[in-house]
Amino acid sequence: MRKNVVIYNRLPAPLVQQLSEAFNVTVIDTQGNVDEQFQHALLHAHGLIGASKTLGRHELQHAENLEVISSVSVGYDSYDVPYLSEQGILLTNTPDVLTQTTADLGFALLMSTARRLPELDAYTKAGQWTKGITEEHFGTDVYGKTLGIVGMGRIGAAIAKRGHFGFDMRILYHAGSRKPELEKEFKAEYRDLESLLQESDFVCLVVPLTESTRQMIGARELRLMKPSGILINIARGPVVDEAALIEALSNQQIRGAGLDVFEQEPLSSSPLFSLKNVVTLPHIGSATHETRYAMAERAVSNLTAALSGNRPQDLVNPEVWKG
Ligand code: NAP
C-alpha cells in the first residue's frame with residue numbers, strides 16, 4: 001500500500017515529483033482554506049513535510065495514522081515534541097545544510113547594523129546625498145572588536161569563524177557546555193551570560209528557542225550591555241523581550257540591533273520600524289535558492305527514509321525510533 005504524504009509548505013517541483021513516485025501526495029494549496037484542507041488531509045496522512053506551522057496536540061488530534069513529521073528547518077520550537085514522542089510520531093529536521101548560509105546572514109546583519117547600510121541606502125536613493133556626509137552618518141567599526149556569541153553550536157561556530165579569521169575579532173561565547181576545540185581554533189573565551197553582555201561590542205544570539213532561552217535577553221540583560229553595544233538576533237524572536245528591546249533602542253541605551261526574527265511573525269507593523277538604529281529582516285537566515293533547495297532535499301530524504309522503515313538521518317526524538 002502506498003503511504004499518504006501531505007506537503008504543507010511549498011517544495012521545489014522536482015522534489016514533489018520525487019515524493020509522488022513513492023507516495024500518494026497531497027499539496028496544501030495556500031490560496032485556499034489552508035486549515036480545512038490540512039485537517040482533511042491529516043485524516044489519512046502517514047507523513048507530513050513543511051515548516052513554520054505550530055503542530056501539537058490540538059492540530060494533530062485527528063492524525064491517527066501519522067508516523068513522521070519532516071520539518072524543513074533546523075529549529076523545531078513550533079512542534080510539541082513531548083506530545084509527538086508520546087504518540088510515537090517521529091520528528092526530523094534539517095541541520096548542517098543551512099549552517100553557513102545562516103552564519104553569512106548573521107554576519108551581513110551585523111555589518112549592516114554597524115555601518116547603517118539600509119538607512120544610508122535609503123538616504124542615497126531619496127536624493128539626500130547632496131553634500132559630503134558628516135559624523136551624523138558615521139557607523140562603528142567591526143574589525144578588531146569583541147564579538148559575543150550566545151549559543152556556540154553549528155551556526156554559532158560558523159559565525160565565530162567569520163569573526164576570528166575574517167575580521168580579527170576577539171570571540172567570547174556562552175553555551176550549555178564548554179567547547180575546547182573552538183576555544184583553540186578561534187581563540188574563543190567562555191563567559192557566563194552577564195560577563196559576555198558586559199564585555200562584547202556585538203552580541204549575537206544563536207540559541208534554539210526552549211523554555212531555558214525564552215526571554216533570555218530582557219531589560220536587565222540589555223542594561224548590562226555597553227551603551228555602544230549592538231544586539232543581533234538570528235535565533236528566534238521570543239529569546240528576546242521585544243518590548244524591553246524597543247525601550248532600550250528608543251532610549252539609545254544600546255547603539256542598535258539587527259533582527260531577523262520577532263516575537264510575532266510575519267510582522268507588518270511594529271514600533272521597531274520607526275527606529276533608525278534597527279535593521280529588520282523578514283526571517284531570511286536560510287533563504288537562498290541553494291540552501292532552501294538543500295533543506296528541502298534533506299527533509300524529503302528524512303521523510304522517505306522514515307516511511308520506508310529506515311532510520312532517518314536527522315531524528316529530533318530518536319527515542320521513538322523502533323528500528
Ligand atoms: P545547535 O547546533 O543545536 O546550537 C545551539 C547552541 O545553543 C548550542 O551551543 C547550545 O549549547 C546552545 N544553548 C542551548 N540552550 C542554551 C541555553 N539555555 N543557554 C546557553 N546556550 C544554550 O543549533 P544551530 O544549528 O546552531 O541553530 C541554532 C538556532 O538558530 C536554531 O535552533 C534556530 O532556532 C535558529 N536558526 C535561525 C535561522 C534563521 O532563519 N534566522 C536559521 C537557522 C537556525 P550546547 O552546545 O552546550 O548544547
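We count ligands from 1, going down the list as the structure has it; atoms in each ligand are counted the same way. Nothing fancy with the numbering, it's 1 onward along the sequence.
- Contact annotation for V74 and ligand 1: only side-chain heavy atoms (C-beta onward) come within less than 4.0 Å of the ligand.
- Near S286, meaning under 4.0 Å from one of its heavy atoms, ligand 1 places the atoms 40 (O).
- A salt bridge is absent between R255 and D201; no separation between the charged side-chain nitrogens and carboxylate oxygens falls under 4.0 Å.
- By the 30° and 60° cut-offs, the orientation of the rings of F186 relative to F165 is perpendicular.
- Remark: among candidates H283, E211, R154, the nearest residue to atom 25 (O) of ligand 1 is R154, based on non-hydrogen atoms.
- Nearest heavy-atom pair, Y173 versus M152, reported as atom, atom and distance to 0.1 Å: CD1-CB, 3.6 Å.
- Set against the non-hydrogen atoms of T102, the atoms of ligand 1 under 4.0 Å away are 38 (C), 42 (C), 43 (C).
- Side-chain contact between P118 and D121: absent, with no pair of heavy atoms (C-beta onward) separated by less than 4.5 Å.
- Residue contact check: S177 has heavy atoms under 4.0 Å from atoms 45 (P), 46 (O), 47 (O) of ligand 1.
- What sits closest to atom 12 (C) of ligand 1 on the protein, heavy atoms only, is G151 CA, 3.8 Å.
- Nearest to atom 46 (O) of ligand 1 by heavy atom, out of M152, H174, K179, is K179.
- In this structure, E185 does not pair ionically with K161, as no charged nitrogen and carboxylate oxygen lie closer than 4.0 Å.
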